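To start, the structure itself, in structure tokens.
Please read these numbers as outputs of a predicted model, since none were measured by experiment. Below, chains carry the letters A, B, ... as their sequence lines are ordered, and counting in each starts from 1. Atom set for the values below is all heavy atoms of this structure, side chains included, hydrogens, waters and symmetry mates excluded.
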Amino acid sequence: MIFEKVPVFSKSCIIVLGGDMSHHTTVRKTHLNDIHKKYGGKLVDFHGWELPVQFEGIIKEHMTVREAVGLFDVSHMGQIFVDGKDARKFLDYVNTNNVAKLKKGEGVYSHLPNGKGGIVDDVINFCLDEERFLVIVNATTSDKDYKWFVENSKGFEVKISNKSDDYSMIAVQGPKSVEIMKKFVPELLNYPRFGIVEKEVMGQHCYVSRTGYTGEDGFEITAPHSIIADVWEEFMKLGKDLGVKPCGLGSRDSLRLESGYLLYGSDIDDEHSSYEANYGWVVKLSKPNFIGKELFEKQKKEGIKRKLTGISMEQGIPRAGYKVFKDGKELGVLTSATYSPSLKKSIGMGYMPLGLNIGEEVEVEIRDKKMKAKITEIPFFKGGVFYFKLG
Amino acid sequence: MNKENLKYTKTHEWIGIEGDVAYIGVSDFAQSQMGDIVFVDLPKVGAKAEKEKQICVVESVKSAFDIYSPVNGEVIEVNSALSDNPALINQEPYGNGWICKMKISDKSQLDSLMDFKTYEEFVKTQAH
């Protein structure tokens, strides 16, 4: 067995096993790096960030989040603040989902359409106040999103600030996260999914939202770097009797895929639309105007030719990049795939032609062998409270 | 198998000799680096194995790993218990987690492999 660069999560992500991280000069460390080392995290290079892929093991961490509560360092995620008289109007224009209707303390998951039938990023928009909004964006796209916002802000009275370098972020996920919420941020209990509160924590201004990427209940805290390690330890303390565990990117990926959450750069990108991603519910054609609205109307009317489709298999482990076949004909390529610890079988998804039925037999090519698979409904796992309903 | 009596490759496989038969598996370091093993694409009985060439693939949750044959030979038995419980490699890499049995064609090839002590030193240079 040779430990070399092996792709994980997506085609574009390279991790190094058993290698020395120190000669990667461009790798950025989060402010929880020492904490990860303290808890035995196996650090890897994830899109230029040194982050733990696992601590005790992916399956154990995955099941901890499904049954108890786990902590994730998601400091690589970005924060863009949009302030001003037209903040609401502007965000409604650059998003597919309805941002205009958000009240203070509410949030909404949405796509940023690129006006050419693709997606700039998938984000969560939070209304902090009438004229103050926070947009949580993906790590690799924060600069791109910021530029996109600025380019499209002509005629809007808004101030756009990319504060991604100023904040760290921790996700607390799992059914028992509510117990930590009760003690740490009880005011959030009154909020539904995507609610957000601003809160002084350890003397610092923080943002705490009822969000996550696992399908379970939970919350995420955006905090200045100076307190993030102490916040992590506070969660470890509050969760001690609940069985809390530090969790890595490995389980983050298997949890999100089971729950049907998209990974930008793999499942969605500048080439695929929200309808094709089977996320039509984030596109609100009833809105007066937004970028690319006419393209969405056209797609809705004329229909799409390909759709993000789920597969599952009892034998063999599919990976992103593997091809799917039906009667010897290639249907498409998997954009995400993994072993599902909750279902104890393999799952994956990729863009395939319309007309495939749930349960229909197909094949996935694994190392020149065609292995049996079945077209499967997404989300694959519905045990969590907050899986996304596709369609 | 007693790990101290095994021979090791630089690619982290081990080989243990019992008479004319050799057991093959992966080291404890290898299983810890791979993480939770969820599938073993076992070799076929009768397959010809060549030193340093791939004989099978072990898949963990996060990735697929090629396993290389330590010596030339022929696969005479595979550990079918791994089909139902691939995590045996994580739990007992030197015991019930063995991968296959081989008939070795050239015993002198064993001389080029590392003994336990040398391998332990080698692992130290590989670890973080």
Solution key, residues 343-350 of chain A side-chain donor-acceptor pairs under 3.5 Å, sequence neighbours excluded:
residue, atom, partner, partner atom, Å
A:S346, OG, A:G316, O, 2.8

So which residues of residues 36-54 of chain B are in contact with chain A at a heavy-atom cut-off of under 4.5 Å?
-> B:D36, B:V38, B:F39, B:D41
Check whether any side-chain heavy atom of A:R319 sits under 4.5 Å from a side-chain heavy atom of B:K62, and report yes or no.
-> no
Given a strict heavy-atom distance threshold of 4.5 Å, which part of B:S60 is in contact with chain A: side chain, backbone, both, or neither?
-> backbone
Should the heavy atoms of other residues, nucleotides or ligands under 6.0 Å from CG of B:D111 be counted, would the total exceed 12?
-> yes
Should we say atom NZ of A:K37 is surrounded by more than 12 heavy atoms from elsewhere, each under 6.0 Å from it?
-> yes
Counting heavy-atom pairs under 4.5 Å to chain B, which of A:I317, A:T338, A:I366 comes out on top?
-> A:I317
Other residues, nucleotides, ligands: >12 heavy atoms within 6.0 Å of B:K3 NZ = no
Just one of A:D253, A:V53, A:I59 clears the side chain to side chain contact (heavy atoms under 4.5 Å, CB included) bar with B:V61, so which one?
-> A:I59
Which bit of B:V57 comes within less than 4.5 Å of chain A, counting heavy atoms only: side chain, backbone, both or neither?
-> side chain
